[in-house]
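Encoded as structure tokens, the structure appears first; notes follow it.
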Number of protein chains: 2
Amino acid sequence: MPEEPTQAERFGKARSARSGVVQEDYVELIADLMAAHGEARATDIAKRMGVTHPTALKCIARLKREGLVTSRPYRGIFLTEAGQELAQRVRARHRLMVEFLIAIGVPEEAAEEDAEGMEHYASEATLAAFSRFLAGDPPRN
Amino acid sequence: MPEEPTQAERFGKARSARSGVVQEDYVELIADLMAAHGEARATDIAKRMGVTHPTALKCIARLKREGLVTSRPYRGIFLTEAGQELAQRVRARHRLMVEFLIAIGVPEEAAEEDAEGMEHYASEATLAAFSRFLAGDPPRN
DNA sequence: ACTGAATTGTACCCTTGGCTACATTTGCGA
DNA sequence: TCGCAAATGTAGCCAAGGGTACAATTCAGT
């Protein structure tokens, strides 16, 4: 099967997807923290992401540049409209992924771990298929 | 649900997995090229990965450092024992992922694309669940 | 009110994986 | 055989996302 250009395209797409992964994780986490504590502090973000605070600050700076987040010096971090929308999509996708994995028999902790990586690469088509499965539709006849 | 440390661990694991993604893709591709043409040339690797050749060379140099690949100046690239084993595992995982996605109703091209990203994050537990599903075992009773 | 701890910010370094530009080596075809 | 195109290698740039070390600011508690 010599389908080189298609393969290159697929690798390219996976590569592009990779660049948004960290943003998605941060935005989702910030939304969680705001929901739980009313605000998102850099230290808490760093702790929950399992990185040092300068790393978190740098990623947050990038989120700011991309208009997903706002913050004033020595103050908390807030999601913009765009950030909130992204957070909602990401959270929904994450929940669906975990539920699906558990439904097909993956133990809960493994499902949570794997979803953390896989969720970022699931297209609409795949998410739709997962939804159908959870809804009880027969996938193959 | 304040389970911060666990969440940090999960993010950490996903991060670790991320660092092996490129190696896995290269090793699998090199195995493909060797099977198809009897040798793996840097130019072909670059073309199929959709990157420039210096980028491919740099990644190959890293594979060499990690003992997955060998090569002599201006000669082709060859997998070591470890490289061949990795390639086999990766290829099997890739096929399983694609088959599974198609089985639950994802269109073929989307399945190929999504698998390219998701395959690197599926644990043994998840792969086992996918296998069971393909074998026709009822996932939930 | 003020001091000390916690939080936030800054400076600088590393590796990975992109790129372009240029140098070197192979090896094929005239 | 020998020259030129193709392949390979090298140098140097960039951004992202890790890290440490240190500076600045906030804020609680006395």
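The side chain of A/Y74 lies closest to D/dA24 when the candidates are D/dA24, D/dG18, D/dT8. Closest contact between the side chain of A/P54 and the listed nucleotides D/dT20, D/dG12, D/dG17 involves D/dT20.
For the pair B/F78 CZ and D/dT8 P, the computed distance is 11 Å after rounding to whole Å. Between A/E66 atom CD and D/dA15 atom C1' there is a gap of 11 Å when expressed in whole angstrom units. The distance from atom OH of B/Y26 to atom P of C/dG17 is 8 Å, rounded to the nearest whole Å. Between the NZ atom of A/K58 and the P atom of D/dG18 there is a distance of 9 Å, given to the nearest Å. What separates NZ of A/K64 from P of D/dA16 is a distance of 15 Å, to the nearest Å. The CD1-P distance, from A/I45 to C/dT8, rounds to 8 Å in whole Å. Going from atom CD of B/E39 over to atom P of D/dA7 covers 11 Å, rounded to whole Å. Between the NZ atom of B/K47 and the P atom of D/dA6 there is a distance of 10 Å, rounded to whole Å.
Under 4.0 angstrom from either OP1 or OP2 of C/dT8 there lies at least one side-chain N or O belonging to A/T43. Taking 4.0 angstrom as the limit, A/R62 places none of its side-chain polar atoms (N or O) nearer than this to OP1 or OP2 of D/dA15. Note on B/R75: every side-chain N or O is 4.0 Å or more away from OP1 and OP2 of D/dT8. An OP1 or OP2 oxygen of D/dG17 is reached within less than 4.0 angstrom by no side-chain nitrogen or oxygen of A/T55. Between B/R18 and D/dA16 there is no side-chain polar atom (N or O) within less than 4.0 angstrom of OP1 or OP2.
A/D114 places no side-chain N or O within donor-acceptor distance of the main-chain N or O of B/A122, the cut-off being under 3.5 Å.
In summary, of the residues considered (A/I102, A/V98, A/I104), a side chain to side chain contact (heavy atoms under 4.5 Å, CB included) with A/F100 occurs for A/I104 alone. Under the side chain to side chain contact (heavy atoms under 4.5 Å, CB included) rule, A/M118 has a single partner from B/M97, B/H120, B/E119, which is B/M97.
If you check the side chains of B/K64 and B/T70, you find no donor sitting under 3.5 Å from an acceptor.
With rounding to the nearest 0.5 angstrom, the CG atom of B/L134 is 6.0 Å from the CG atom of B/L96.
Two residues, A/R15 and A/R72, neighbour DNA chain C, and the one matched to the more 5' nucleotide by heavy-atom proximity is A/R72. When each of A/S19 and A/H53 is assigned the nucleotide of DNA chain D bearing its nearest heavy atom, the one mapping closer to the 5' terminus is A/S19.
Here A/T52 lies in heavy-atom contact (under 4.0 Å) with a base. Residue contacts shown for B/P73 are limited to sugar-phosphate atoms, with no base heavy atom under 4.0 Å away.
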